[in-house]
Amino acid sequence: MIRARVIVASNRAAAGVYADTSGPLLVAGLREIGCEVDPEPVVVPDGEPVAEALRTALAEGIAVIVTSGGTGVTPTDRTPEATRPLLDFEVPGIAEAIRAYSRDKVPAAALSRGLAGVAGHTLIVNLPGSSGGAKDGLAVLGPILVHTVDQIRGGDHRLSS
């Protein structure tokens, strides 16, 4: 079983100004892929609280962490900066695929600075904070997530026929 956690970076949702919509979509989508996911996303303000939530999940041995929000270009969008120092290496193809998948529908998707990478034995993927960004991220992750986690855990490449 793949243990996953969703972390939502949103100052307003963390303050109770409005209910986050992307996190529950990601929890449900990761379950559909076959992950064991916490019932509720972890909702924190942008910035250092994101890094703290990531470190907690890493310490707990979570295999997949998907963040939502904080990937844009506003002064408070700091999720990539919270993520990058924790990564052993980036997997840029995942982040590029997510942006490419979304870009034709939402041109502003090109502004996402989200990262994807590996910290220890954990895959971390930053997604935009919109429900559309969550759906697009799941569309890209769905076909590759199980294989990616298997590779991170040391699995061998499948033989081609």
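Computed from heavy atoms alone, side chains included, the values below leave out hydrogens, waters and symmetry copies.
L26 places none of its side-chain heavy atoms less than 4.5 Å from the side chain of V8. Residues V27 and E40 form no side-chain contact, since every pair of their non-hydrogen atoms from C-beta on lies 4.5 Å or further apart. The closest side-chain heavy-atom distance from L141 to I94 is below 4.5 Å. Considering only heavy atoms from C-beta on, I124 stays 4.5 Å or farther from L115 through its side chain. In this structure, V106 and P128 have side chains that are not in contact, with every pair of non-hydrogen atoms separated by 4.5 Å or more. Contact check for I33 versus I2: no side-chain heavy atoms found under the 4.5 Å cut-off.
Side-chain heavy atoms closer than 4.5 Å link hydrophobic residues (I, L, V, M, F, W, Y) into clusters, and following such links, possibly through other members, connects V50 to V42. Residues I144 and M1 fall into different hydrophobic clusters, defined by Ile, Leu, Val, Met, Phe, Trp and Tyr side chains chained together at heavy-atom separations under 4.5 Å. When the side chains of ILVMFWY residues are joined at heavy-atom separations under 4.5 Å, either directly or via intervening members, V125 and L30 end up in a single hydrophobic cluster. Neither V149 nor L54 shares a network with the other; the hydrophobic side chains, linked directly or stepwise wherever heavy atoms of I, L, V, M, F, W or Y lie under 4.5 Å apart, form separate groups for each. Put simply, V91 and I7 are part of two different groups of oily side chains (I, L, V, M, F, W, Y) that touch within less than 4.5 Å, one to the next.
Nearest approach of L25 to A134, heavy atoms of both residues: CB-CB, 4.4 Å. Across all their heavy atoms, V37 and R31 have their closest contact at O-NH2, 3.1 Å. Shown here for I152 and G120, the closest heavy-atom pair between the two residues is CG2-O, 4.2 Å. Summarising the geometry of D20 relative to A13, their closest heavy-atom pair is CB-CB, 4.1 Å, with the distance given to 0.1 Å. In terms of heavy atoms, S10 sits closest to D46 at N-OD1, 3.9 Å. Here the closest heavy-atom approach between residue S130 and residue G133 is recorded as OG-N, 2.8 Å.
A salt bridge links R5 with D38: at least one charged nitrogen is closer than 4.0 Å to a carboxylate oxygen. Taking 4.0 Å as the cut-off between side-chain N and carboxylate O, R55 and E48 count as a salt-bridged pair.
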Begin from the C-alpha positions of N126 and T83 and carry the test side-chain hydrogen bond (donor to acceptor under 3.5 Å, both in side chains) through to its verdict. CA-CA 8 Å; N126 301 152; T83 303; 3.1 Å; yes
Go through the steps for T148 and V64 under the test side-chain contact (heavy atoms from CB on, under 4.5 Å), then give the verdict. CA-CA 10 Å; T148 304; V64 175; over 6 Å; no
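When each of D136, V140, L127 is checked for a side chain to side chain contact (heavy atoms under 4.5 Å, CB included) with S102, only D136 meets the rule.
Rounding to the nearest 0.5 Å gives a distance of 13.0 Å between CD1 of I62 and CG of L123. To the nearest 0.5 Å, the span separating OG1 on T122 from CZ on R153 amounts to 9.0 Å.
A donor-acceptor contact closer than 3.5 angstrom is absent between the side chains of D77 and T79.
R84 meets the salt bridge (Lys or Arg N to Asp or Glu O under 4.0 Å) test with E90; sequence neighbours excluded.
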